[in-house]
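Read the numbers this way: they start at 1 and go in the same order the structure lists the ligands and their atoms.
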Amino acid sequence: GDHEVAARGARVRYRDALASGNRGPMPDKITLEVFRYRPDQEQRPTSQSYEVPYQEDWVVLDALNWIKDQQDGTLSYRWSCRMGVCGSCGMMVNGVPKLTCSAFLRDLLPGPIKVEPLSGFPVERDLVVVLDDFMQKLVDVKPWIIREVEQPVEQGEYRQTPGQLVDFKQYSMCINCALCYAACPVLASDPDFVGPAAIALGHRYNLDSRDEGNAERFETFNSHDGVYACSFANECSQVCPKHVDPAMAIQQAKLNDFMQWAKILPKKNFT
Ligand code: FES
């Protein structure tokens with residue numbers, strides 16, 4: 001009867017309120033202010049406004065894809081997996097480094113939403129940044145298992161207990177999205193700083209029970225732009241979409257580095 005109809009109405013209103021995050025009526029459209037830079041056509045970057053349909057379940061990347069498909073095929077940006085795995089869709093969203101495939105429009109209402117390339121990186125075109133320096137830093141920490149003497153293949157693989165895996169697993173979850181580089185205040189003033197993701201990655205190998213490469217990574221870690229350049233602002237850990245906690249990795253790496261230094265010191269000075 002009436003009671004049932006009223007209850008159904010309340011349920012529908014409740015569901016709608018949940019769906020809209022209790023933010024009132026949903027808009028039809030939302031505006032994106034997108035950073036544009038086409039080095040072949042213009043001297044300096046500009047900002048371009050696009051009005052896109054608002055969809056409850058859309059993320060910023062969906063809006064960019066809609067722009068590219070429906071409004072402006074010249075817009076350039078990177079993406080691949082659309083599920084927070086590949087790490088290629090990082091951009092500044094309202095000034096904060098984010099994976100655009102995980103940044104829901106509904107959390108950015110009412111707009112406009114400012115979309116810019118990751119800060120701190122040279123811009124190749126529009127929202128695409130040059131990552132060469134970042135990639136080189138990842139290589140510099142030698143992110144592979146280093147052995148003093150390789151065990152013969154017939155002896156099988158290097159075994160590891162679940163406990164030994166836990167020691168470094170968190171630091172192996174990085175997807176190289178570089179959001180932490182865009183967030184790091186040290187990198188903003190010292191671009192040569194090895195940086196959060198690369199230090200966390202090197203530290204991951206230093207912690208690996210199968211690895212014997214601590215001394216080989218020492219030079220990079222202990223350099224002027226190594227672990228001690230970190231001021232522990234913790235911004236990197238706050239923006240990390242995978243909860244790698246690179247700031248913690250760097251603090252541990254400092255301690256580890258100090259112990260390496262203590263090991264090396266007597267050899268250097270007294271032999
Ligand atoms: Fe792969 Fe966003 S598209 S992480």
Side-chain angles (χ1 to χ4, degrees), residues 21 30-37 48 50 52-109 111-139 141 143 168-184 187 195-201 204 235-247 249:
I30 190 160
T31 302
L32 264 65
E33 275 168 14
V34 182
F35 177 103
R36 300 300 311 270
Y37 177 53
Q48 197 161 343
Y50 299 99
V52 305
Y54 174 81
Q55 305 268 3
E56 184 62 36
D57 56 351
W58 271 17
V59 290
V60 172
L61 180 60
D62 292 319
L64 292 174
N65 284 340
W66 187 88
I67 294 168
K68 179 130 182 130
D69 291 346
Q70 307 291 330
Q71 279 197 328
D72 186 348
T74 69
L75 182 63
S76 300
Y77 51 98
R78 284 197 185 104
W79 68 285
S80 178
C81 73
R82 215 192 153 274
M83 53 194 289
V85 173
C86 74
S88 64
C89 70
M91 296 167 213
M92 305 303 283
V93 176
N94 288 344
V96 181
K98 281 188 189 299
L99 294 181
T100 49
C101 70
S102 312
F104 282 93
L105 299 183
R106 61 174 182 255
D107 296 328
L108 301 159
L109 289 174
I113 303 169
K114 209 172 182 144
V115 186
E116 297 164 295
L118 278 183
S119 69
F121 292 92
V123 176
E124 179 111 43
R125 187 182 182 86
D126 296 337
L127 300 162
V128 177
V129 293
V130 181
L131 289 168
D132 298 7
D133 179 66
F134 174 62
M135 294 297 169
Q136 186 55 50
K137 285 170 176 170
L138 293 178
V139 173
V141 300
F168 67 83
K169 181 145 187 240
Q170 178 190 356
Y171 301 136
S172 69
M173 304 307 277
C174 173
I175 57 172
N176 302 332
C177 64
L179 300 194
C180 55
Y181 280 58
C184 174
L187 274 162
I199 293 177
L201 180 66
R204 168 249 175 277
E235 306 279 338
C236 51
S237 293
Q238 286 180 24
V239 299
C240 177
K242 293 288 161 186
H243 310 292
V244 169
D245 200 354

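Under 4.0 angstrom from ligand 1, there are no non-hydrogen atoms of S102. Within the 4.0 Å heavy-atom criterion, neither part of I175 lies near ligand 1.
At distances below 3.5 Å, not a single donor-acceptor pair connects side-chain atoms of S102 with backbone N or O atoms of G84. Between the side chain of N94 and the main chain of I113, no donor-acceptor pair closer than 3.5 Å is present.
Distance check for C101 against atom 2 (Fe) of ligand 1: an N/O/S atom falls below 2.8 Å. For C89, the nearest N, O or S atom to atom 2 (Fe) of ligand 1 falls under 2.8 Å. Coordination check, C86 versus atom 1 (Fe) of ligand 1: passed, since an N/O/S atom of the residue sits under 2.8 Å.
When the shell of 6.0 Å around NZ of K68 is examined, it contains more than 12 heavy atoms from other residues, nucleotides or ligands.
One finds a salt bridge joining D72 and R36 here, because a Lys/Arg side-chain nitrogen approaches an Asp/Glu carboxylate oxygen to under 4.0 Å. Ion pairing of D62 with R82 is present here, as a side-chain N (NZ or NE/NH1/NH2) and a carboxylate O approach within less than 4.0 Å.
With rounding to the nearest 0.5 Å, the separation of NE2 in H243 from CE in M173 is 10.0 Å.
Proximity to G84 (heavy-atom distance under 4.0 Å) selects the following atoms of ligand 1: 4 (S). Counting the atoms of ligand 1 from 1 in the order shown, those under 4.0 Å from a heavy atom of V85 are 4 (S). Atoms of ligand 1 lying under 4.0 Å from any heavy atom of C81, numbered from 1 in the order shown and given with element: 1 (Fe), 3 (S), 4 (S). In summary, the atoms of ligand 1 found under 4.0 Å from a heavy atom of S80, numbered by their order in the structure, are 3 (S).
At the shortest separation from atom 4 (S) of ligand 1 among protein heavy atoms lies G87 N, 3.2 Å. Scanning the protein for heavy atoms near atom 3 (S) of ligand 1, the closest one is R82 N, 3.1 Å.
Applying the side-chain contact (heavy atoms from CB on, under 4.5 Å) test between C89 and each of T100, L127, L64 identifies T100 as the sole match.
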**Request:** Report the C-alpha distance between Y77 and N65 in whole Å, list the side-chain angles of each, state the deciding distance to 0.1 Å, and finish with yes or no for side chain to side chain donor-acceptor pair (under 3.5 Å).
**Result:** CA-CA 9 Å; Y77 51 98; N65 284 340; 2.6 Å; yes

